[in-house]
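Okay, structure first, notes after.
No hydrogens, no waters, no symmetry mates; every other heavy atom, side chains included, goes into these values.
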Amino acid sequence: MDLVATSAAVSATSSRKTKVELLADALRRLGPEEIVAGSAYLAGELRQRQTGVGWATLRQAPPPAGEPTLTVAAVDRAIEEISQVGGAGSQGRRRELVGALFAAATADEQRHLVGLFGGELRQGAQAGLLVDAIARAGEVPVTLVRRALLLAGDLKEVAVAALTGGAAALAEVALRVGRPLAPMLAQSAASVDDALAATGVPAVVDVKLDGIRIQVHRSGDEVAVFTRSLDDITPRLPEVVAAVRALPAREIVLDGEAMALDAAGRPRPFQETASRAATRGAPVTVLTPYFFDLLHLDGADLLDAPGRERWGALAEAVPAPLLVGRTAVTTPAEAAEAFAAALAAGQEGVVVKSPESAYDVGRRGAAWVKVKPRHTLDLVVLAVEWGHGRRKGWLSNLHLGARDPQTGGFVMLGKTFKGLTDELLRWQTERFLELAVDKGDWVVTVRPEQVVEIAFDGVQASPRYPGGVALRFARVLRYRDDKTAAEADTIETVKAIHAKT
DNA sequence: TTCCGACAGTGGGGTCGCAAT
DNA sequence: ATTGCGACCCCACTATCGGAA
């Protein structure tokens with residue numbers, strides 16, 4: 001496959017303009033029937049959403065072929081067959097088919113296929129750069145391609161439209177009730193004041209619910225529920241379907257969050273919402289939907305309307321109990337009050353929004369800014385893992401432990417690789433090799449002496465770690481060379497935080 | 001010339017269903 | 001019955017490029 005050579009060239013350059021040129025050239029060379037699978041491969045994806053093949057299945061590959069014979073169409077056919085396999089004996093059958101595909105691939109093609117199956121091609125180009133490449137190859141405006149992608153939620157479809165139908169075909173792509181579109185995302189800020197600085201005043205402050213994002217489409221009696229990644233989870237959320245079916249609207253597209261509540265109406269931990277949302281069959285706990293935006297109502301698209309107009313229409317279309325808590329504010333003090341109230345109600349935080357902004361499909365703009373409280377602890381590094389990719393050769397992923405005064409030892413609470421600059425990576429590689437007691441190929445165990453200040457969002461119950469608790473979203477703030485391990489925070493402190501939330 | 005938005009990469013914890021052991 | 005795997009839910013943060021200011 002000639003796409004493999006393109007991918008290698010894309011990997012080899014750091015220039016985004018060059019990457020786009022290379023990808024555009026490859027797109028132009030695709031035959032009409034190859035655009036769907038080929039554009040996916042160039043973006044580092046497969047046409048098929050699920051294949052049942054992951055890293056473990058790919059570990060043992062047969063020897064590569066000497067001569068390249070694979071075509072886009074042949075690869076797509078093979079993968080389609082693999083993804084159709086199911087039932088007893090499926091794992092063996094899948095391995096057989098994967099083996100046959102890999103035996104027909106050259107060494108370069110094998111590497112490329114592993115990246116595609118694993119979803120980690122790491123060529124420095126994904127759907128984002130493909131948008132630019134599609135625009136260039138189809139000789140159409142890039143803004144048109146981007147808008148089509150976000151409204152259609154599918155890169156392959158947009159590639160076909162741009163390369164075979166040009167600007168006219170792209171312009172026809174619009175919000176369609178029943179087809180998910182990329183949800184608008186929020187930036188984060190460290191404080192409500194910072195958030196307000198980004199959005200400006202006046203602003204509105206929405207309660208941030210710790211559940212799962214839902215986009216609900218209704219057309220007549222047909223209701224569909226989609227996740228943030230545009231997966232269809234309609235069969236798993238009958239209670240949400242029922243709630244939306246009970247609305248007076250005929251055609252509606254809603255954006256919101258679904259979460260589990262206790263008898264008093266307070267939020268349950270995220271894990272309970274996630275468990276419920278992943279469960280098929282009769283629900284035991286019920287998820288409650290809360291909506292904060294309205295994208296379409298009875299034939300009218302509202303994406304370009306200002307936030308206050310969308311909210312006004314939402315408040316008329318949906319009963320008040322199904323609306324996310326919202327406070328209009330004109331001062332930082334009022335915003336701070338709304339933040340405190342959200343936390344007092346047991347919620348995750350707030351999202352500060354500009355009331356004038358449009359619904360910026362698929363964007364993480366300054367119009368929505370989330371604020372969550374942050375905890376910190378001084379923990380001890382117990383071990384470090386060697387990094388991959390650009391972190392190869394550096395010790396990267398830290399194993400974190402809290403002090404256990406009972407035993408004099410340490411209790412592992414999780415890992416983190418976040419918050420590290422290149423300079424810190426260099427420093428810690430040297431430092432932990434000095435402290436090493438066991439230098440494995442993957443994990444380097446160290447004497448528990450180095451204290452590190454860790455930020456995190458909360459403590460959650462853990463079925464994996466020995467203390468029964470783990471940190472959520474842990475990241476490094478700084479190393480504490482002014483503290484010894486004997487002064488680190490204890491497991492009791494961590495459990496106390498868990499009990500409070 | 002400097003600033004900043006968008007993108008890609010580097011991985012984290014948890015849950016479920018399903019097939020194999 | 002338990003275990004391993006794949007697929008998804010939540011996600012933070014840094015480096016880099018290249019256009020905007």
Side-chain angles (χ1 to χ4, degrees), chain A residues 10-11 13-20 43-44 49-59 83 85-95 117-132 146 185 187-188 209-214 227-231 233 236 257-259 269-281 348 362-366 370 372 374 385 387-392 394 396-400 413-425 454-465 469-477:
Chain A
V10 167
S11 293
T13 176
S14 67
S15 160
R16 284 177 197 153
K17 290 169 86 174
T18 309
K19 286 179 195 280
V20 168
R49 216 179 162 88
Q50 302 170 359
T51 58
V53 177
W55 291 109
T57 316
L58 299 168
R59 265 201 295 265
S83 58
V85 173
S90 60
Q91 220 165 90
R93 176 69 183 142
R94 209 178 279 128
R95 277 211 157 77
F117 273 108
E120 297 189 350
L121 189 57
R122 303 197 184 208
Q123 59 176 1
Q126 299 182 346
L129 283 198
L130 251 288
V131 165
D132 286 307
R146 176 158 289 121
L185 305 172
Q187 290 183 350
S188 6
L209 306 174
D210 192 9
I212 60 164
R213 186 83 176 261
I214 50 170
T227 67
R228 177 156 124 65
S229 56
L230 312 189
D231 280 295
I233 53 166
R236 283 182 257 161
E257 192 91 4
M259 74 184 316
F270 173 74
Q271 281 157 304
E272 288 183 30
T273 294
S275 162
R276 169 62 188 82
T279 305
R280 286 152 245 257
E348 191 186 16
R363 286 298 173 76
R364 198 183 284 282
K370 59 182 165 183
K372 297 187 281 184
R374 193 189 74 173
E385 295 173 14
H388 301 88
R390 76 181 296 281
R391 291 193 177 186
K392 195 173 165 63
W394 283 342
S396 173
N397 199 4
L398 308 170
H399 294 200
L400 305 168
L413 295 173
K415 311 177 189 178
T416 187
F417 55 91
K418 295 172 183 164
L420 298 165
T421 60
D422 287 0
E423 192 191 343
L424 220 40
L425 282 165
I454 297 294
F456 59 100
D457 278 20
V459 177
Q460 57 191 350
S462 172
R464 174 187 319 198
Y465 288 108
V469 286
L471 303 183
R472 192 156 176 222
F473 309 141
R475 60 266 192 191
V476 171
L477 286 183

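- One finds a side-chain N or O of A:S14 lying less than 4.0 angstrom from the OP1 or OP2 phosphate oxygen of C:dC17.
- Heavy atoms of A:R146 sit under 4.0 angstrom from primed sugar atoms or phosphate atoms, though from no base atom.
- At a threshold of 4.0 angstrom between heavy atoms, the contacts of A:K19 with the nucleic acid are absent.
- Under 4.0 angstrom from either OP1 or OP2 of C:dA7 there lies at least one side-chain N or O belonging to A:T51.
- Taking only side-chain nitrogens and oxygens, A:R472 never comes nearer than 4.0 Å to OP1 or OP2 of B:dG12.
- Minimum atom distance to the side chain of A:A470 is reached by B:dG13, of the listed C:dA15, B:dC16, B:dG13.
- Between the NZ atom of A:K372 and the C1' atom of C:dC13 there is a distance of 12 Å, rounded to whole Å.
- Heavy atoms of A:S15 sit under 4.0 angstrom from primed sugar atoms or phosphate atoms, though from no base atom.
- Considering only the side chain of A:R228, C:dC10 comes nearest among B:dA19, C:dC10, B:dT10.
- Summarising the geometry, the separation between CG on A:L129 and P on C:dG19 is reported as 12 Å, rounded to the nearest angstrom.
- Among B:dG13, C:dA12, C:dC5, the nucleotide with an atom closest to any side-chain atom of A:A56 is C:dC5.
- The phosphate of B:dG9 has neither OP1 nor OP2 within less than 4.0 Å of any side-chain N or O from A:R122.
- Between the P atom of B:dC16 and the CZ atom of A:F270 lies a distance of 12 Å, rounded to the nearest Å.
- If you check every strand for non-hydrogen atoms under 4.0 Å, A:A474 touches nothing.
- Screening A:V459, A:I454, A:V469 for a side chain to side chain contact (heavy atoms under 4.5 Å, CB included) involving A:L413 leaves a single residue, A:V469.
- A:A274 comes within 4.0 angstrom of nothing in the nucleic acid, heavy atoms only.
- Distances from the side chain of A:A278 to the nucleotides C:dC9, C:dC8, B:dC16 place B:dC16 closest.
- In this entry the distance linking CZ of A:R236 with C1' of C:dC9 reads 9 Å, nearest Å.
- Contacts of A:R94 with the nucleic acid, taken as non-hydrogen atoms under 4.0 Å apart, are absent.
- Contact between the side-chain N/O atoms of A:Q123 and the OP1/OP2 oxygens of B:dG9 is not found at any separation under 4.0 Å.
- Residue A:E120 is out of contact with every strand shown, counting any heavy-atom pair closer than 4.0 Å.
- Taking atom CD of A:Q91 as the reference point, atom C1' of B:dG17 lies 13 Å away to the nearest angstrom.
- Taking atom CG of residue A:L471 and atom P of nucleotide C:dA12, one finds them 15 Å apart after rounding to whole Å.
- Salt bridge annotation for A:E385-A:K415: present, with a cationic side-chain nitrogen under 4.0 angstrom from a carboxylate oxygen.
- Nucleic acid contact class of A:K392 (heavy atoms, under 4.0 Å, all strands): none.
- At least one side-chain heavy atom of A:L425 sits less than 4.5 Å from a side-chain heavy atom of A:R391.
- With B:dT15, C:dA15, B:dG12 as the choices, the nucleotide that has an atom nearest any side-chain atom of A:K415 turns out to be B:dG12.
- Heavy-atom distances to DNA chain B give each of A:G86 and A:S396 a nearest nucleotide, and the one nearer the 5′ end belongs to A:S396.
- B:dC7 makes up no base pair with any nucleotide shown, lacking Watson-Crick or G-U wobble contacts both under 3.5 Å.
- Ranked by how close their nearest DNA chain C nucleotide is to the 5' end, A:Q50 and A:K17 are led by A:Q50.
- Using modelled atom types and a 3.5 Å distance limit, the side chains of A:T13 and A:S15 yield no donor-acceptor pair.
- Side-chain nitrogen and oxygen atoms of A:N397 include at least one within less than 4.0 Å of the OP1 or OP2 phosphate oxygen of B:dG12.
- A salt bridge links A:D422 with A:R390: at least one charged nitrogen is closer than 4.0 Å to a carboxylate oxygen.
- The residue A:A366 sits apart from the nucleic acid: no heavy atom pair falls under 4.0 Å.
- Residue A:P463 places its side chain closer to B:dG14 than to any other of B:dG12, B:dG14, C:dC8.
- Of the charged side-chain nitrogens involved, none lies within less than 4.0 Å of a carboxylate oxygen, so that A:D132 and A:K17 do not count as a salt-bridged pair.
- Side chain of A:R390, nearest nucleotide from B:dG12, B:dG13, C:dA15: C:dA15.
- Taking 4.0 angstrom as the limit, A:R363 places a side-chain polar atom (N or O) nearer than this to OP1 or OP2 of B:dA6.
- If you check every strand for non-hydrogen atoms under 4.0 Å, A:D210 touches nothing.
- Checking each of A:R472, A:K372, A:K370 against A:D457 for a salt bridge (charged side-chain N to carboxylate O under 4.0 Å, His left out) leaves exactly one that passes, namely A:K372.
- In this structure, A:R363 and A:R146 have side chains that are in contact, with non-hydrogen atoms separated by less than 4.5 Å.
- Residue-level contact check: A:K418 touches the bases, meaning some heavy atom is under 4.0 Å from a base atom.
- What separates CZ of A:R475 from P of C:dA12 is a distance of 7 Å, to the nearest Å.
- Contact annotation: the side chain of A:L185 approaches that of A:R228 to within less than 4.5 Å [non-hydrogen atoms, C-beta and beyond].
- Atom P of nucleotide B:dG9 and atom CG of A:D422 are separated by 16 Å, given to the nearest angstrom.
- Phosphate contact (OP1/OP2 of B:dC16, side-chain N/O of A:S275, threshold under 4.0 Å): present.
- A:T279 comes within 4.0 angstrom of the backbone, heavy atoms only, and of no base.
- Contacts of A:G89 with the nucleic acid, taken as non-hydrogen atoms under 4.0 Å apart, involve only primed sugar atoms and P, OP1 or OP2.
- Residue A:G124 is the one, among A:G124 and A:Q271, whose nearest nucleotide of DNA chain B lies closer to the 5' end (criterion: closest heavy atom).
- OP1 or OP2 of C:dG6 lies within a sub-4.0 Å distance of a side-chain N or O belonging to A:T57.
- Within 4.0 Å (heavy atoms only), A:R16 reaches at least one base atom of the nucleic acid.
- Under 4.0 angstrom from either OP1 or OP2 of B:dG11 there lies at least one side-chain N or O belonging to A:H388.
- Ranked by how close their nearest DNA chain C nucleotide is to the 5' end, A:I212 and A:S188 are led by A:I212.
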